[in-house]
Asks: 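Attaching a single structure in structure tokens format; questions to follow.
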Amino acid sequence: MGRDVPALVFTRDDRRRYREKMQSCLDTFAQMLREARFESERPQVGLEIELNLVDEAGEPAMRNTDVLEAIADPAWSSELGRFNLEINIPPRTLTAGGPDSWEREIRDALNHAEDRASEVGAHLAMVGILPTLRQRDVGEAALSENPRYRLLNEQVFAARGEDLRIAVDGVDRLRTYADTITPEAACTSTQFHLQVSPGEFAAYWNAAQVVAGVQVALAANSPFLFGKELWRETRIPLFEQATDTRPEEIKVQGVRPRVWFGERWINSVFDLFEENVRYFPALLPLCDEEDPRATLEGGDVPELPELTLHNGTIYRWNRPIYAVAHGKPHLRVENRVLPAGPTVADILANGAFYYGLTRALVDEERPVWSRMSFQAAEDNLHAAARHGIDARLYWPGMGEVPAAELVLRRLLPMAHRGLELSGMDSAWREPLLGIIEQRCVTGRNGAVWQAEMYHHIDSTSRVDHHEALRLMTRQYIDYMHLNAPAHTWPVE
């Protein structure tokens, strides 16, 4: 939900008109699908990275407005918390520019931003949840200045009618309440985009759902929240709880959550947008002047603003995206399950694994989702979030197996094949997927390193709990800048 919105109060008439406009958008979208009006000849990939801002000590820095002014680049934008930023890397074809071009582009952008941020006393940290973040850092004062965040906050609590309860049982136990949605800002992610044709969208979305748990197991990087060691990827349960508009009584009635894995395999992208309209009341019922039917009948491409705004307030782990670029509409799968970091090298390895594996799964004669229940895919996601690379995951034909074994025996060769089908030669594939292989062989990723480094400092230094987290965070940031994959980071 990146759109700027005004600060206002919504009336019952606003909500009625918005529902009518959403239905009009949905009808127009269905017509566009029937008439095959979508750009799909030159499919592209895209990448967004959310980052934390820290000060010299590694503590949260509430400086995103100052940092954005210093960076002065439209690729960068604010996020929910004042200690967050996001960069949107320009879309490209998967194999454009040679094996090092995407990494060089991302690192150059991040290094430039780091240089500018340091001029105003802040630094960038790519990590799923900032280990030094305390609950006092996520009050209402930590909301970014953009009015859309305060409006979203108001609407979530108006729908909910009570404080948010956050409860996570991991190595430690967390029980707390929040009176704003700002704890969501603790969750910083990497989002991979994949443009697909309408005819292939369902297969790619289903494939992305199948592999979500595997992705999280391999890339877990969020073991700490508010000073407690919880799940290996604590982002998953935190995000599910921090934007939940349902009080307990509504939950037990079976009302769907807004942070949602889904409930079934799909046959068309239309299924997802139709579910959005059917299941979820509007949080931000802002009506645009566009008449989508008239725009389409006039020969132009409608933006479908009400439908896309509503879609942006429903946080699927794999979200459908409708967008118009250069006057042509297209569809994308937005993969949202992964944390930020630890390094650009790790992020690009995660991307290569995701893009290659989904391509291979889509090309299989008998799709894996026809041999696997949807619930099993969701269970895999939560097992992976809890246990990380030590998780046991279900896969058809193998049963429940260790995540690393599943990847090494079955999925890594498929990812190689999928990238080869996409035109990526072995000289490019091997270094990227080699990082994934070595994570599995060593059993190490960002979450493992964070936990081990914290316990090492805690057991060998005479410092308190938070100071150990702070020292670990400082070391993490130093290694992050070296860009050596996290499985190679020493604990010393």
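Source: prediction; values computed, not measured.
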Asks: Report the residues that fulfil side chain to side chain donor-acceptor pair (under 3.5 Å) with His456, sequence neighbours left out, ordered by chain and then residue number.
Replies: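 Expected list: none.
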Asks: So, taking the atom named CH2 in Trp102 and the one named CG in Leu432, what distance separates them when rounded to the nearest 0.5 Å?
Replies: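 Rounded to the nearest 0.5 Å, the CH2-CG separation comes to 10.0 Å.
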Asks: So, do Phe83 and Val138 sit near enough that their side-chain heavy atoms are less than 4.5 Å apart?
Replies: yes
Asks: Looking at Arg336 and Glu48, is any side-chain nitrogen of the basic one under 4.0 Å from a carboxylate oxygen of the acidic one?
Replies: no
Asks: Can you find a heavy atom in the side chain of Leu230 that is under 4.5 Å from one in the side chain of Val171?
Replies: no
Asks: With heavy-atom distances below 4.5 Å as the criterion, would you say the side chains of Phe192 and Val333 are in contact?
Replies: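 Side chain of Phe192 against side chain of Val333, heavy atoms only: no contact under 4.5 Å found.
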Asks: Can you name the nearest heavy-atom pair linking Pro485 to Ile435, along with the distance?
Replies: CG-CD1, 3.7 Å
Asks: When you compare the side chain of Leu47 with that of Ile347, does any pair of heavy atoms fall below 4.5 Å?
Replies: yes
Asks: I'd like to know if Lys251 and Glu248 make a salt bridge, using a cut-off of under 4.0 Å between side-chain N and carboxylate O.
Replies: yes
Asks: Quick one: closest heavy-atom pair of Thr313 and Arg258, and the distance?
Replies: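 Heavy atoms only, the tightest pair is O-NE, 3.0 Å.
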Asks: Does CD belonging to Glu140 count more than 12 external heavy atoms closer than 6.0 Å?
Replies: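 Counting other residues, nucleotides and ligands, CD of Glu140 stays at 12 neighbours or fewer.
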Asks: Less than 6.0 angstrom from the centroid, inside 45 degrees of the normal: does Arg256 satisfy that with respect to the ring of Tyr279?
Replies: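 Judged by the rule, Arg256 and Tyr279 form a cation-pi pair.
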Asks: Only counting residues at least two apart or in another chain, list the ones meeting side chain to side chain donor-acceptor pair (under 3.5 Å) with Glu378.
Replies: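 If we apply the side chain to side chain donor-acceptor pair (under 3.5 Å) test to Glu378, skipping adjacent residues, there are no hits.
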Asks: Measure centre to centre between the rings of His481 and Tyr476, then say whether the value is under 6.0 Å.
Replies: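 Judged by ring-centre distance (under 6.0 Å), His481 and Tyr476 do not meet the cut-off.
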Asks: Please check if atom CZ in Arg409 has more than 12 non-hydrogen atoms from other residues, nucleotides or ligands closer than 6.0 Å.
Replies: no
Asks: Do Tyr394 and Asp379 come close enough that some side-chain heavy atom pair is under 4.5 Å?
Replies: no
Asks: If you take all heavy atoms of Ala340 and Ile49, which pair is closest and at what distance?
Replies: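 Answer, listing the atom of Ala340 first, then Ile49: CB-CG2, 4.4 Å.
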Asks: Return yes if a side-chain donor-acceptor contact under 3.5 Å exists between Arg316 and Asn311, otherwise no.
Replies: no
Asks: Under 3.5 Å, is there a donor on one side chain and an acceptor on the other for His387 and Arg392?
Replies: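 Judged by distance alone, the side chains do not pair up.
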Asks: Starting at CG of Leu143, measure out to CE of Met62 and round the result to the nearest 0.5 Å.
Replies: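 One finds 10.5 Å between CG of Leu143 and CE of Met62.
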Asks: Say you draw a straight line from OG of Ser77 to CG of Leu85; how long is it, rounded to the nearest 0.5 Å?
Replies: 8.0 Å
Asks: Using atom types as modelled and distance alone, determine if a side-chain donor or acceptor of Asn206 lies under 3.5 Å from a backbone N or O of Ile266.
Replies: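 Looks like yes, one N/O pair under 3.5 Å.
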Asks: Would you give the length of the straight line joining atom CD1 of Ile106 to atom CD1 of Ile89, rounded to the nearest 0.5 angstrom?
Replies: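 These two atoms lie 5.0 Å from each other.
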Asks: Do the charged groups of Glu405 and Arg410 touch, with an N to O distance under 4.0 Å?
Replies: no
Asks: Are side-chain N/O atoms of Gln135 and Thr176 paired as donor and acceptor at under 3.5 Å?
Replies: yes
Asks: Quickly, which of Asp425, Leu357, Leu433 forms a side chain to side chain contact (heavy atoms under 4.5 Å, CB included) with Leu419? Name it, please.
Replies: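 Option passing the side chain to side chain contact (heavy atoms under 4.5 Å, CB included) with Leu419: Leu433.
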Asks: Do the side chains of Arg470 and Glu59 get nearer than 4.5 Å, heavy atoms only?
Replies: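 Yes; the side chains approach each other to less than 4.5 Å.
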Asks: Nearest heavy-atom pair of Met398 and Leu406: which atoms, and what distance?
Replies: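 Nearest heavy atoms, Met398 then Leu406: SD-CD1, 3.6 Å.
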Asks: Once you round to the nearest 0.5 Å, how far does CH2 of Trp428 lie from CG of Leu348?
Replies: 9.5 Å
Asks: Give the minimum heavy-atom separation between Tyr354 and Ala208, together with the two atoms involved.
Replies: OH-CB, 3.8 Å
Asks: How about Trp449 and Tyr479: are their ring centres within less than 6.0 Å of each other?
Replies: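 Between Trp449 and Tyr479, the centre distance is under 6.0 Å.
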Asks: Evaluate Ser144 against Asn64 for side chain to side chain donor-acceptor pair (under 3.5 Å), listing each step before the verdict.
Replies: CA-CA 8 Å; Ser144 286; Asn64 66 355; 2.9 Å; yes
Asks: Say whether Glu229 and His455, considering side chains only, have a donor N or O and an acceptor N or O under 3.5 Å apart.
Replies: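 Indeed, the side chains of Glu229 and His455 share at least one donor-acceptor pair under 3.5 Å.
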Asks: Step by step, would you call Phe224 with His465 a ring-ring contact (aromatic ring centres under 6.0 Å, His included)?
Replies: CA-CA 12 Å; Phe224 294 100; His465 178 73; 7.4 Å; no
Asks: Identify whether the distance between the nearest side-chain nitrogen and carboxylate oxygen of Asp108 and Arg104 falls below 4.0 Å.
Replies: no
Asks: Should Gln195 and Val45 be marked as a side-chain contact (heavy atoms from CB on, under 4.5 Å) after you check the CA-CA gap, both sets of side-chain angles, and the distance that decides it?
Replies: CA-CA 6 Å; Gln195 181 183 336; Val45 297; over 6 Å; no
Asks: Are Val168 and Gln241 packed together at the side-chain level, in the sense that at least one heavy-atom pair is separated by less than 4.5 angstrom?
Replies: yes
Asks: Identify, with sequence neighbours excluded, every residue that meets side chain to side chain contact (heavy atoms under 4.5 Å, CB included) alongside Arg107.
Replies: Glu103, Asn111, Val344, Asn483
Asks: Is there a donor in the side chain of Gln450 and an acceptor in the side chain of Asn221, or the other way round, less than 3.5 Å apart?
Replies: yes
Asks: Any salt bridge (charged side-chain N to carboxylate O under 4.0 Å, His left out) involving residues 170-195? Give me the pairs, sequence neighbours left out, ordered by first then second residue.
Replies: Asp169-Arg173, Asp169-Arg175
Asks: My understanding is that only residues two or more places apart in sequence, or in another chain, count here; which of them pass side chain to side chain donor-acceptor pair (under 3.5 Å) with Ser189?
Replies: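 Checked Ser189 against side chain to side chain donor-acceptor pair (under 3.5 Å); matches are Glu50, Gln191.
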Asks: If you round to the nearest 0.5 Å, how far is OH of Tyr355 from CZ of Arg359?
Replies: 14.0 Å
Asks: Would you kindly say whether Glu240 and His382 are connected by a side-chain donor-acceptor distance under 3.5 Å?
Replies: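 Short answer, yes.
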Asks: Just checking, is any N or O donor in the side chain of Asn52 or Thr188 under 3.5 Å from an acceptor N or O on the other one?
Replies: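 Short answer, yes.
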Asks: Sorted by first residue and then second, give each salt bridge (charged side-chain N to carboxylate O under 4.0 Å, His left out) pair with at least one member in residues 79-98; sequence neighbours left out.
Replies: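 Listed by first then second residue: Arg92-Glu105.
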Asks: Grab the two heavy atoms, one from Glu467 and one from Asp464, that are nearest each other, plus how far apart they are.
Replies: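 Nearest heavy atoms, Glu467 then Asp464: N-OD1, 2.7 Å.
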Asks: Just wondering, do Leu338 and Glu233 contact through their side chains at under 4.5 Å, heavy atoms?
Replies: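 Of all side-chain heavy-atom pairs linking Leu338 with Glu233, none is under 4.5 Å.
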Asks: Is the centre of the Phe374 ring less than 6.0 Å from the centre of the Trp265 ring?
Replies: yes
Asks: Do Arg439 and Asp346 meet the salt-bridge criterion of a basic N to acidic O distance under 4.0 Å?
Replies: yes
